[in-house]
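Both ligands and their constituent atoms are indexed starting at 1 by order of listing. Side chains are part of it too, since the values below use all heavy atoms of this structure and drop only hydrogens, waters and symmetry mates.
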Amino acid sequence: MKKFIDSPFVKEVSDITLNMYRQGWDERNGGNISYLIDEKYVREYFKEDKVIRKIPLGFEADEIVRGKYFLVTGTGKYFKNVKGDPETNLGLVKICDCGHDAKLIWGFKDGGKFTSEFPAHLMSHAARLKVDPNNRIVMHTHPTYTICMGACLPTDEKIFTRKLWKSNTEAVVVFPEGIGVLPCMICGTNEIGEATANKMKDFRLVSWTNHGIYGVGHTIDEAFGLIETVEKTAQIYMLTLGHVVNEIPDEVIIGLAKLWNLKMMPGVIEEK
Ligand code: 13P
Ligand code: ZN
């Protein structure tokens with residue numbers, strides 16, 4: 001039997017966490033990732049589920065994620081350390097059919113558990129799977145300029161989206177549906193999880209004001225690419241704030257959306 005530690009799933013998460021740390025986004029234990037792995041792939045590494053221990057979820061998981069497997073980063077673990085010791089810093093869990101517990105199948109070797117943001121992750125997986133059955137990744141991180149931008153704007157997703165689209169021509173092309181925005185809330189709670197998942201019905205990106213961002217996708221590349229584009233654009237916005245002479249004209253944003261056949265978030269740019 002192949003070893004799970006040698007799987008492409010562990011390699012991908014190990015590589016991206018190091019990359020994100022090196023972007024300066026994931027100080028200390030900042031950030032967390034969860035990766036839905038289809039059972040057919042899990043079976044390549046585990047003939048059957050051998051449960052190491054059960055970990056209570058602290059909320060009731062949506063039916064759509066029950067019985068599903070997630071590779072997830074551990075709470076209190078540092079992104080920079082995942083690659084060197086994936087079996088301590090990551091865990092593979094199966095959500096119980098009852099929806100109240102996670103069964104640990106692999107990892108969290110030091111007795112650790114999944115991220116404190118697992119409510120937001122699992123609830124976001126559930127929300128995305130209902131609109132996009134191919135969603136596999138939920139990614140949370142603390143990108144500096146995105147947090148700065150959120151601190152400088154009202155907590156209004158149309159305003160946030162407009163400022164992003166007006167600062168970088170890639171922005172409307174990469175996230176034409178815009179970005180969801182939550183006010184500053186207490187993180188690690190079921191409440192912020194529910195609020196995030198509610199936004200995930202309409203958006204693949206959700207900004208947590210004064211904290212960070214969530215991105216989702218079919219692949220790690222897709223989720224990372226969304227967040228990376230927001231962060232690059234937020235950097236442009238913050239570095240030019242108060243100095244802008246050439247803002248992207250509305251016609252160019254509309255033209256880009258037409259060129260790529262994209263449905264733009266309504267009410268952000270007025271069609272003339
Ligand atoms: P965890 O260490 O529990 O994953 O928390 C990090 C974080 O980013 C909290 O929002
Ligand atoms: Zn965080």
Side-chain angles (χ1 to χ4, degrees), residues 10 12-14 16-36 55-59 61 70-93 95 101-102 104 106-125 137-151 155 179-200 203-216 220 223-224 226-228 230-231 234:
V10 170
E12 267 185 280
V13 175
S14 304
I16 200 69
T17 44
L18 188 58
N19 183 345
M20 291 167 77
Y21 169 71
R22 287 186 176 150
Q23 304 285 332
W25 300 352
D26 296 284
E27 77 293 341
R28 200 174 181 275
N29 63 312
N32 23 77
I33 297 177
S34 58
Y35 191 153
L36 195 174
I55 311 172
L57 286 175
F59 61 97
F70 293 90
L71 179 61
V72 57
T73 52
T75 185
K77 302 301 190 219
Y78 293 24
F79 268 21
K80 72 181 180 64
N81 295 341
V82 175
K83 199 171 171 69
D85 186 1
E87 206 168 346
T88 300
N89 294 289
L90 304 178
L92 177 69
V93 298
I95 308 304
D101 303 291
L104 181 64
W106 174 91
F108 299 146
K109 211 172 61 177
D110 62 350
K113 63 178 265 187
F114 43 74
T115 171
S116 59
E117 304 294 5
F118 209 35
H121 280 253
L122 265 196
M123 293 178 196
S124 294
H125 275 287
I137 309 293
V138 173
M139 184 180 275
H140 166 63
T141 181
H142 302 166
T144 313
Y145 288 95
T146 305
I147 299 169
C148 293
M149 194 167 163
T155 53
I179 179 169
V181 174
L182 289 184
C184 188
M185 293 175 73
I186 300 170
C187 56
T189 60
N190 293 347
E191 287 71 28
I192 201 168
E194 282 154 15
T196 307
N198 195 34
K199 295 288 179 200
M200 288 288 182
F203 301 103
R204 293 170 299 155
L205 287 159
V206 179
S207 162
W208 279 11
T209 303
N210 305 123
H211 183 136
I213 191 166
Y214 272 74
V216 298
I220 294 252
F224 178 81
L226 280 168
I227 293 173
E228 163 179 61
V230 171
E231 174 61 359

So if I count the atoms of ligand 1 from 1 in the order they appear, which ones are less than 4.0 Å from some heavy atom of [X]?
X: His140; value: 8 (O), 10 (O)
X: Gly76; value: 1 (P), 2 (O), 3 (O)
X: Thr75; value: 1 (P), 2 (O), 3 (O)
X: Ser116; value: 1 (P), 3 (O), 5 (O)
X: His211; value: 10 (O)
X: Thr115; value: 1 (P), 3 (O), 4 (O)

| query | Distance-only, no hydrogens or angles: does the Asn198 side chain make a donor-acceptor pair with backbone N or O of Glu194 under 3.5 Å? | reply |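 Between the backbone of Glu194 and the side chain of Asn198 there is no qualifying donor-acceptor contact (under 3.5 Å).
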
| field | Backbone N/O of Lys77 and side chain of Asn29: donor-acceptor pair under 3.5 Å | value |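 Answer holds: no.
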
| task | Could you please spell out the steps behind the ring pair (Phe, Tyr, Trp, His ring centres under 6.0 Å) verdict for Trp25 and Phe224? | result | CA-CA 12 Å; Trp25 300 352; Phe224 178 81; 5.5 Å; yes

| request: Among all protein heavy atoms, pick the one closest to atom 6 (C) of ligand 1 and tell me residue, atom and distance. | output: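 Ranking protein heavy atoms by distance from atom 6 (C) of ligand 1, first comes Asn29 O, 3.2 Å.
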
| request: Could you check atom 7 (C) of ligand 1 against the protein and tell me its nearest heavy-atom contact, residue, atom and distance included? | output: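 Residue, atom and distance for the closest contact: Asn32 ND2, 3.5 Å.
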
| request: Have a look around the Zn ion (ligand 2) and list protein N/O/S atoms under 2.8 Å, or say none. | output: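 Correct list: His140 NE2, His142 NE2, His211 NE2.
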
| Is the ring centre of His121 less than 6.0 Å from the ring centre of His140? |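 That pair fails the under 6.0 Å test.
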
Test item: [X] and [Y] side chains (from C-beta on) under 4.5 Å apart, heavy atoms:
X: Phe79; Y: Thr73; result: yes
X: Lys113; Y: Leu104; result: no
X: Val72; Y: Thr115; result: yes

| message | In terms of relative ring orientation, are Phe70 and Phe118 parallel, tilted or perpendicular, with 30° and 60° separating the classes? | response |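 The arrangement is perpendicular - the two ring planes meet at more than 60°.
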
| Among Glu27, Glu117, His142, Arg28, which residue places a heavy atom closest to atom 10 (O) of ligand 1? |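 Nearest option to atom 10 (O) of ligand 1, by heavy atoms: Glu117.
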
| task | Would you mind telling me which of Val181, Ile147, Leu182 makes a side-chain contact (heavy atoms from CB on, under 4.5 Å) with Trp208? | result |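 Answer after filtering Val181, Ile147, Leu182: Leu182.
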
| said: On a heavy-atom basis, which atom in Cys187 and which in Glu117 lie closest, and how many Å separate them? | reply: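 Between these two residues, the closest heavy atoms are CB-OE2, 3.3 Å.
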
| task | Report, as yes or no, whether the 6.0 Å neighbourhood of atom NZ on Lys83 holds more than 12 heavy atoms from other residues, nucleotides or ligands. | result |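 Atom NZ in Lys83 is packed in, count exceeds 12.
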
| Polar contact flag for Gly31 and ligand 1 (N/O pairs, less than 3.5 Å) |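 Checking ligand 1 against Gly31, an N or O pair does fall under 3.5 Å apart.
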
